[in-house]
S.K.: 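Sharing a structure, written as C-alpha cells. Questions coming.
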Amino acid sequence: MKIAFTGKGGSGKSTLAALFVQHLRAAGHRVLAVDADVNVHLAPLLGVTARTEDALSHPDNVRSVRTHLLGANTRIAGVDHFVATTPPGPGSRLVTLDAADPVLARHATPLDDRSHVLHVGTYEPGDIGSGCYHGHLAILENLLSHLDPADDGWVVCDMVAGTDAFANSLHAQFDMIVVVAEPTPESVSVARRYRELAAAAGVADAVVVAGNKVADDLDRQYLERELGVAPIAVLGMQAGLRRARQAGSPPRPQDLDDAALLAEIARHAESRPISAGRREDLMRTLHLRVAGKGWVRAAHGDVTGQLGPVTV
C-alpha cells in the first residue's frame with residue numbers, strides 16, 4: 001500500500017504523515033517512510049537525522065539504486081539511460097520492505113527491523129541557480145515504480161507542498177493521496193486545485209481530503225462547502241501535540257485527543273488500492289509523454305523501447 005500526504009505548506013501534512021507512520025508501526029505493519037519534501041521535515045519528525053550523503057538523490061546513491069534496479073533488464077541501455085518514468089521489465093530487481101532488501105539496507109535508516117526511513121534530499125549549495133527539485137525526485141519515481149507489488153507493507157510519503165506532483169509521475173504512483181487542508185481560503189484553494197488536476201490526470205478517486213486544525217463544526221462545514229466533498233477525517237486543535245512539539249519531542253498518536261482519524265485514513269487506503277493494470281496504463285502514458293521530450297531524446301535516445309508490449 002502506497003500513500004502520500006500533501007497540501008499547502010504549513011497545513012500539517014508532515015506532522016500528519018509522521019503520526020500515520022507511528023500508527024502503522026504500532027499496529028505491527030512494515031513501513032517505509034519517505035521524506036520527499038524539499039524542506040525535509042518528515043525524517044526529523046521520526047527522529048532521523050537527514051544527512052546530505054544519505055539523501056536518495058545524492059549522485060552516488062542514485063547510481064547505486066539504479067544499478068540495483070536495472071538488474072538484467074535489457075530494455076534499458078544502461079544505468080545512465082534511466083528516466084523518471086522508466087518501468088521495470090524482465091530481469092529488473094524489485095524492492096521489498098524487508099530489512100535485508102539491498103536498497104533499504106544501504107540507503108534507509110531503520111527505526112526498528114520493520115520500519116525504515118528514506119529522505120530524497122534538498123537543495124545544496126551546488127544547486128544554486130542551476131538545480132531543479134524535479135531532478136531530485138526522479139530517483140524516488142524509479143523506486144516507487146520498482147516496488148514489489150506482492151509486498152504487503154506500507155510506503156508513506158511526505159510530498160512537496162502544493163500541486164508539484166503533477167509535474168512528474170508521482171500523482172500516479174500512490175494508492176491514495178491525502179491532501180491536508182486547513183479551514184482557510186489559502187489552504188482550501190490548494191486542495192481544490194489538487195482535486196481538479198487529479199481529475200484531469202485520471203486519478204480523482206485516489207485523492208482524499210483530511211481536515212486539520214479544525215476548531216468546530218463551522219470549520220468542518222466550511223471545508224465541505226468549499227471543496228464539495230467531506231473530509232475523510234478531521235483533526236482538531238491539538239494542545240497536547242503542540243506541547244510535545246514545543247518540548248522537542250517527535251509527534252506520537254498518544255499526543256492526540258483522539259487518534260481515531262489515523263485508523264480511518266488507513267481504512268480508506270485499504271479500500272481503494274489501484275490495480276496493477278490501471279497503474280501500468282497510467283505510467284505507460286506518462287512514459288510515452290516523457291519519451292517525446294526533445295531533451296530526453298537528446299540525452300537518452302528513444303526510450304519508448306523500455307516499455308513492454310501492450311497486453312490485451
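What you see is a predicted model; the values in this text were computed from it and never measured.
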S.K.: Are Arg245 and Asp255 ion-paired here, with the side-chain N under 4.0 Å from a carboxylate O?
M.R.: no

S.K.: Calculate, to the nearest 0.5 Å, the distance between atoms CG and CD1 belonging to Leu282 and Ile274 respectively.
M.R.: 6.5 Å

S.K.: What verdict does the side-chain hydrogen bond (donor to acceptor under 3.5 Å, both in side chains) test give for Ser11 and Glu182, after you've listed the backbone C-alpha separation in whole Å, the side-chain angles of each residue and the deciding distance to 0.1 Å?
M.R.: CA-CA 6 Å; Ser11 64; Glu182 302 171 78; 5.4 Å; no

S.K.: How far does CD of Gln22 sit from CZ of Arg252, to the nearest 0.5 angstrom?
M.R.: 9.5 Å

S.K.: Is it possible for you to say whether Val34 and Phe20 belong to one hydrophobic cluster, with membership spreading through side-chain heavy-atom contacts below 4.5 Å?
M.R.: no

S.K.: Side-chain contact test, heavy atoms from C-beta onward, threshold under 4.5 Å: evaluate it for Val188 versus Leu223 and give yes or no.
M.R.: yes

S.K.: What I'd like to find out is whether the side chain of Leu241 reaches to under 4.5 Å of the side chain of Leu19, using heavy atoms alone.
M.R.: yes

S.K.: Let me check something: do Leu261 and Trp154 share a hydrophobic cluster, defined by ILVMFWY side-chain heavy atoms less than 4.5 Å apart, either directly or through other members?
M.R.: yes

S.K.: Ala17 and Val156: which non-hydrogen atoms are nearest, and at how many Å?
M.R.: O-CG1, 4.1 Å

S.K.: Please test Ile3 against Val155 for side-chain contact (heavy atoms from CB on, under 4.5 Å), starting from the C-alpha separation and ending with a verdict.
M.R.: CA-CA 6 Å; Ile3 181 170; Val155 176; over 6 Å; no

S.K.: Membership question, hydrophobic clusters at under 4.5 Å side-chain separation (ILVMFWY): are Leu69 and Leu104 in the same one?
M.R.: yes

S.K.: Could you go through Asp54 and Arg51, starting from their C-alpha distance and side-chain angles, then the distance that decides it, and tell me whether this counts as salt bridge (charged side-chain N to carboxylate O under 4.0 Å, His left out)?
M.R.: CA-CA 5 Å; Asp54 295 331; Arg51 302 187 306 170; 2.7 Å; yes

S.K.: Is there side-chain contact between Asp151 and Leu147, with at least one heavy-atom pair below 4.5 Å?
M.R.: no

S.K.: Which atom names give the shortest non-hydrogen contact between Val21 and Ala33, and what distance separates them?
M.R.: CG2-CB, 3.9 Å

S.K.: Parallel, tilted or perpendicular for His81 and His300, by the 30°/60° rule?
M.R.: perpendicular

S.K.: Quick one, Thr6 with Asp164, criterion side-chain contact (heavy atoms from CB on, under 4.5 Å). Give me CA distance, side-chain angles, the key distance, then yes/no.
M.R.: CA-CA 10 Å; Thr6 189; Asp164 205 57; over 6 Å; no

S.K.: Is it true that a side-chain atom of His119 and a backbone atom of Gly121 form a donor plus acceptor pair closer than 3.5 Å?
M.R.: no

S.K.: Would you please test Asp158 and Lys13 for salt bridge (charged side-chain N to carboxylate O under 4.0 Å, His left out) and show each step?
M.R.: CA-CA 7 Å; Asp158 180 28; Lys13 66 180 183 62; 2.8 Å; yes

S.K.: Ignoring hydrogens and geometry, is there a side-chain-to-backbone donor-acceptor pair from His171 to Ala165 under 3.5 Å?
M.R.: yes

S.K.: Please name the pair of heavy atoms, one in Pro110 and one in Ala108, separated by the smallest distance, quoted to 0.1 Å.
M.R.: CD-O, 3.7 Å

S.K.: If you apply the rule side-chain hydrogen bond (donor to acceptor under 3.5 Å, both in side chains), what do you find for Ser64 with His107, and how did you get there?
M.R.: CA-CA 9 Å; Ser64 170; His107 304 291; 3.1 Å; yes

S.K.: Any side-chain to backbone donor/acceptor pair from Ser187 onto Thr184? Under 3.5 Å, distance only.
M.R.: no

S.K.: Run the salt-bridge test on Arg267 and Glu270 with the 4.0 Å N-O cut-off and return the result as yes or no.
M.R.: no

S.K.: Does any non-hydrogen side-chain atom of Leu144 lie less than 4.5 Å from one of Leu170?
M.R.: yes

S.K.: Closer than 3.5 angstrom, by distance alone: can the side chain of Arg75 be matched with the main-chain N or O of Pro90 as a donor-acceptor pair?
M.R.: no

S.K.: Side-chain contact test, heavy atoms from C-beta onward, threshold under 4.5 Å: evaluate it for Val31 versus Arg114 and give yes or no.
M.R.: no

S.K.: Considering non-hydrogen atoms only, spot the tightest contact between Phe174 and Ala206 and give its length.
M.R.: O-CB, 4.3 Å

S.K.: Check whether any side-chain heavy atom of Val229 lies under 4.5 Å from a side-chain heavy atom of Arg195, and answer yes or no.
M.R.: yes

S.K.: Over all heavy atoms of both residues, which pair between Leu42 and Ser14 is shortest? Give the atoms and the distance, please.
M.R.: CD1-O, 3.9 Å

S.K.: So, does Ser57 use its side chain to make a donor-acceptor pair with the main chain of Val120 at under 3.5 Å?
M.R.: yes

S.K.: Take atom CZ of Arg242 as the centre, draw a 6.0 Å sphere, and report whether it contains more than 12 heavy atoms from other residues, nucleotides or ligands.
M.R.: no

S.K.: Any donor and acceptor pair, going by atom type alone, linking the side chain of Asn61 with main-chain N or O of Ala55 inside 3.5 Å?
M.R.: yes

S.K.: Let me check something: do Val160 and Val178 share a hydrophobic cluster, defined by ILVMFWY side-chain heavy atoms less than 4.5 Å apart, either directly or through other members?
M.R.: no

S.K.: Dump the intermediate steps for side-chain contact (heavy atoms from CB on, under 4.5 Å) on His146 and Arg93, then the final yes or no.
M.R.: CA-CA 7 Å; His146 284 72; Arg93 295 190 185 101; over 6 Å; no

S.K.: Using modelled atom types and a 3.5 Å cut-off, is there a donor and acceptor pairing between side-chain atoms of Ser169 and backbone atoms of Ala172?
M.R.: no

S.K.: Tell me, with the steps shown, if Asp80 and Arg66 meet salt bridge (charged side-chain N to carboxylate O under 4.0 Å, His left out).
M.R.: CA-CA 9 Å; Asp80 294 329; Arg66 285 178 171 168; over 6 Å; no

S.K.: Given Met176, which partner from the list Val203, Val208, Asp205 fulfils the side-chain contact (heavy atoms from CB on, under 4.5 Å) test?
M.R.: Val208

S.K.: Check Asp113, Thr96, Asp152 against Arg30 for a side chain to side chain donor-acceptor pair (under 3.5 Å) and give me the one that passes.
M.R.: Asp152

S.K.: Rounded at 0.5 Å granularity, tell me how far CD1 in Ile177 sits from NZ in Lys2.
M.R.: 11.0 Å

S.K.: Answer yes or no: is there a donor N or O on one side and an acceptor on the other, between the side chain of Thr86 and the main chain of Val83, under 3.5 Å?
M.R.: yes

S.K.: For Ser145 and Glu141, does a side-chain donor sit closer than 3.5 Å to a side-chain acceptor?
M.R.: no

S.K.: Mind checking the OG1-CG spacing from Thr163 to Leu197? Nearest 0.5 Å is all I need.
M.R.: 5.5 Å

S.K.: Are Val190 and Leu227 connected in the hydrophobic side-chain network, where two residues link if heavy atoms are under 4.5 Å apart?
M.R.: no

S.K.: Under 3.5 Å, is there a donor-acceptor pair between the side chain of Asn39 and the main chain of His41?
M.R.: no

S.K.: Side chain of Arg284, backbone of Gly308: donor and acceptor closer than 3.5 Å?
M.R.: yes

S.K.: Starting at CE of Met159, measure out to CG of Leu137 and round the result to the nearest 0.5 Å.
M.R.: 8.0 Å

S.K.: To the closest 0.5 Å, what do you measure between OG1 (Thr15) and CG (Asn212)?
M.R.: 8.0 Å

S.K.: Could you check whether any side-chain heavy atom of Leu56 comes within less than 4.5 Å of a side-chain heavy atom of Leu143, counting everything from C-beta outward?
M.R.: yes

S.K.: Hey, are the side chains of Leu118 and Asp35 touching, using non-hydrogen atoms and a 4.5 Å cut-off?
M.R.: no

S.K.: Tyr194 vs Lys8, test: side-chain contact (heavy atoms from CB on, under 4.5 Å). Steps then yes/no.
M.R.: CA-CA 10 Å; Tyr194 206 100; Lys8 180 183 176 296; over 6 Å; no

S.K.: Of all heavy-atom pairs between Leu140 and Ala36, which one has the smallest distance, and what is that distance?
M.R.: CD2-CB, 3.6 Å

